[in-house]
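Heads up, the thing below is written out as structure tokens.
Below, read A as the first sequence line, B as the second, and so on, with proteins coming before strands; counting in each chain starts at 1. What's counted below: heavy atoms across the whole structure, side chains too, no hydrogens, waters or symmetry copies.
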There are 2 protein chains.
Amino acid sequence: MKFDDILNEIKPSQKERKQLQETYKEIRKKAEEISQKKQTETKIELVGSTDRDTWLSGERDIDIFLLLPENLDRETFEKIGLEIGKKIFPNGTVEYAEHPYVKGHKNGFEVDIVPCYNVKSPSQAKSSVDRTPFHNRYIKNKEINGDQVRLLKSFTKGGDIYGSRLKIQGFSGYLCELLILHYGSFNDVIQEAIKWKPKIYIDIKNHGNKKFDDPLVIVDPTDPSRNVAAVVNEESLARFIDWCNRFDKNPEKKLFFPFTPNPKPITKDEFNEKLEERNTNILCINFKAPDIVEDQLYPQLRKTEKSLVQELQNRGFDILRSEVMAEDTCTILLELNIGKQSKVKKHIGPPVYIRDHAEKFKSKWEKKDIDKKTGIYIENNRYIVEKERKYTTAKEFIQEKILNIGLGKNIEEKLKQNFTILENQESSKLLEEFGEQFSNYFNPLTSRMT
Amino acid sequence: MKFDDILNEIKPSQKERKQLQETYKEIRKKAEEISQKKQTETKIELVGSTDRDTWLSGERDIDIFLLLPENLDRETFEKIGLEIGKKIFPNGTVEYAEHPYVKGHKNGFEVDIVPCYNVKSPSQAKSSVDRTPFHNRYIKNKEINGDQVRLLKSFTKGGDIYGSRLKIQGFSGYLCELLILHYGSFNDVIQEAIKWKPKIYIDIKNHGNKKFDDPLVIVDPTDPSRNVAAVVNEESLARFIDWCNRFDKNPEKKLFFPFTPNPKPITKDEFNEKLEERNTNILCINFKAPDIVEDQLYPQLRKTEKSLVQELQNRGFDILRSEVMAEDTCTILLELNIGKQSKVKKHIGPPVYIRDHAEKFKSKWEKKDIDKKTGIYIENNRYIVEKERKYTTAKEFIQEKILNIGLGKNIEEKLKQNFTILENQESSKLLEEFGEQFSNYFNPLTSRMT
């Protein structure tokens, strides 16, 4: 495949580069002036793909790091970081990641002024941003082929697996860079990845000093104890490999670009048609989104989703699929084969041959006044009694018990305040907010490709 | 426990014994006269519990065996057997087991005149009746304590596990006799049986020469290759052990007698109440009973039941219980947690990592014209597609597919002619014929004990 056609679209033009360089110079100059007036020694570094020349055309993000002495206490550290940021961008906003930082705008670029500790090695990092300058220096020293990185990044964007945000759990830019470094080129990455069978372990510097449980392990060349691919879950990895297989079989340009047009929000009519066509039991648990960042929210949503699925399965409900969605409100979607069950439930007792257990079971369940739907009988060598099923619908169970299951902390707070369970057609009330997500749910990515 | 009270009821009186002896003498005399007129050498033997003095009061069965030379061809053998039988009982009826035989009545006794081959050893038996005279001689030589056998037989009757008929799959009289011989007394049998953990292997003569798969193995002292307990299935064995535990814990007289009063047929109102209380999906497949003996019918019914349960489970239906019933018609009862499912079904494809399987799956299911409810997606590293579920109710599946599943031969014939599936309340039409069986189904034996 000729990549020129793709690179024409994704590689920043000379004009873009110039704009970026000039913007950076201006800010750097200002930052240096400001920090020189401070007592505290501050190093200023441009980091990220814009500095490594692995950025994609159209990306307007500049990350400027303020490297502050590592002996500063947290409070002073944050204070100085914000002061410098606010002096550079008096109208900038304060954002919160692991540390607070200032976001401003200049010449059409979105500029983050991020304070970090100037640690001696990444293993001493107090938070993940402290590692970033090391990553930057490592990649820059390697004189990486930026175009190959650009191809791989675009390709993961096309497959909807780009980015280490916990909503996506995909491939970060640094991870893409390391794969290109390790294998040599985009084509080499594809050819190797189609042979991957998890777990995959890549250790460029052969210095890894820890056991990792993740399906994809790429030991950080700047930190032997860290897996750069730690957020990549089994599903993202499988989807990446699927995407590579697609490319290898049929190297189409469209694999490098997010599916266009973006999924159109599903209409109410289309939604109702889907419901009729499926005749499943769709339950949407809807509640106000807690005021936390996305990277905190999604793990909590998924934890809640997993608990619900598990608890319902334990009660004999057959879950077809589930999904989490978040905008101003959050929705946990559960789709069940059937939402109802009978009023009786088998309660399986001990084997006939384990006499003391058997006696206990019999003396309990043979009592006249105990609530049972059938007397004890024997099946597969075990005593069985049929009990009343407490919850005959999944909706009832969730309504009554959701606060008793494993939930994310902030989600628990919100659920305690209020939540609604929308069933089947009722769920169409959520289409205004989640029309795209529902469209995605009923039409998964790969089905939209064909 | 004092057993006198029980023995008073189950041991034949002097009067009963005398009646039996006289009846036997008369018939024997007649049989000898008749057979002496024949060319064929015929030995006449009284066999069974009446001969071994292990019979229960009230039993009115006399088995008289005609031992014919083993070189007779089958046709001649059957002809002579029936001729003698018919001369003894000119009004007798011809019955069919492995060989045809004549059943007649005298002095209130039901007398079977059963021809068998006079083989040299049980291992040369051409059918199971040929072994009976050997069992008879073996037990008689041992001078077994008849009262102990009577207690054990009555006890298994109380637990509804007496008899080797394939409807029951329980303990034959001979099996009870061997247990008493082996362990010494009724109490010893109980004390040993409560320690049983299948598989149990008893070989009185220590001469077994074969591997048996059955949960209870009692090697026939007259034939090293035969398991006397071959028909005893796991469930009967478990129920026997349960019964022994009950006796050991609380040696009540009622354990020795079939539950009295016998289960009253369930009324229509009671039946409907059960349905409402359970809210399950009850399906009764009803058809004319094929004209075969019970020992052939029940295995075929159970085979059909098992196939139905298996096929429905394979399609995601959750079977709570099932039962077979036979009178003039046969009924296979299936009770499902829920009889319905959604219109979609997950079709699980190969793992993403097995590329050639993956390609085949994708090229099949990504076709535009193939019927699918959702595009391909990835879950647990596998490709998944959602298909239309062919049968959304268990009833539909049975109606359409029952003739394509594993059935008993004679049942298949009857089903081809006609069958009806009665659902829930409709099943009450069967109460006239199967009221007792439904009563048993909803109130298993042990629940009626307490």
(request) Please determine if Arg321(A) and Glu386(B) form a salt bridge, counting it only when a charged side-chain N lies under 4.0 Å from a carboxylate O. (result) yes
Okay, Asp248(A) and chain B: the region with an atom under 4.5 Å from a heavy atom over there is both
Applying a strict 4.5 Å limit to non-hydrogen atoms, the region of Lys274(B) in contact with chain A is side chain
The interface call for Arg389(B) against chain A, heavy-atom contacts under 4.5 Å, is side chain
CZ of Phe240(A) to CD1 of Ile378(B), rounded to nearest 0.5 Å, is 12.5 Å
If one checks every heavy atom of Trp196(B) against chain A at 4.5 Å, the contacting part turns out to be backbone
OH of Tyr377(A) to CD of Glu235(B), rounded to nearest 0.5 Å, is 10.0 Å
Ranked by heavy-atom pairs below 4.5 Å to chain B, first place among Glu388(A), Glu276(A), Lys197(A), Lys373(A) goes to Lys373(A)
Over 12 non-hydrogen atoms of neighbours within 6.0 angstrom of CD in Glu359(B) = yes
Scored by heavy-atom pairs under 4.5 Å with chain A, the best of Lys249(B), Glu277(B), Arg382(B) is Glu277(B)
Side-chain contact test, heavy atoms from C-beta onward, threshold under 4.5 Å: evaluate it for Leu237(A) versus Tyr353(B) and give yes or no. yes
Within residues 338-348 of chain A, contacts to chain B at heavy-atom distances under 4.5 Å involve Ile338(A), Lys340(A), Gln341(A), Ser342(A), Lys343(A), Val344(A), Lys346(A)
Note: vs chain A, highest number of non-hydrogen pairs under 4.5 angstrom among Val385(B), Ile384(B), Thr392(B), Asn381(B) is Asn381(B)
Applying a strict 4.5 Å limit to non-hydrogen atoms, the region of Lys367(A) in contact with chain B is neither
Honestly, the part of Glu379(B) sitting under 4.5 Å from a heavy atom of chain A is side chain
- Query: Does Lys199(B) NZ have over 12 foreign heavy atoms under 6.0 Å away?
  - Reply: yes
Heaviest contributor of heavy-atom pairs below 4.5 Å to chain A, chosen from Pro198(B), Pro351(B), Pro215(B), Gly316(B), is Pro198(B)
Problem - Evaluation steps, side-chain contact (heavy atoms from CB on, under 4.5 Å), between Thr374(A) and Phe442(B) - result: CA-CA 6 Å; Thr374(A) 321; Phe442(B) 289 120; 5.7 Å; no
In short, Val352(B) meets Ala238(A) closest at the heavy-atom pair CG1-O, 3.4 Å
*Is Arg246(B) paired with Glu366(A) through a side-chain N to carboxylate O contact shorter than 4.0 Å?*
yes
Whatever's closer than 4.5 Å to a heavy atom in chain A on Lys362(B) counts as side chain
Bottom line for Arg355(A): the part with an atom under 4.5 Å from chain B's heavy atoms is side chain
Checked Ile354(A), Asp318(A), Leu320(A) vs chain B; the most non-hydrogen pairs under 4.5 Å come from Leu320(A)
Assert top hit (heavy-atom pairs under 4.5 Å, partner chain B, pool Asn281(A), Ile241(A), Ile194(A)) equals Ile241(A)
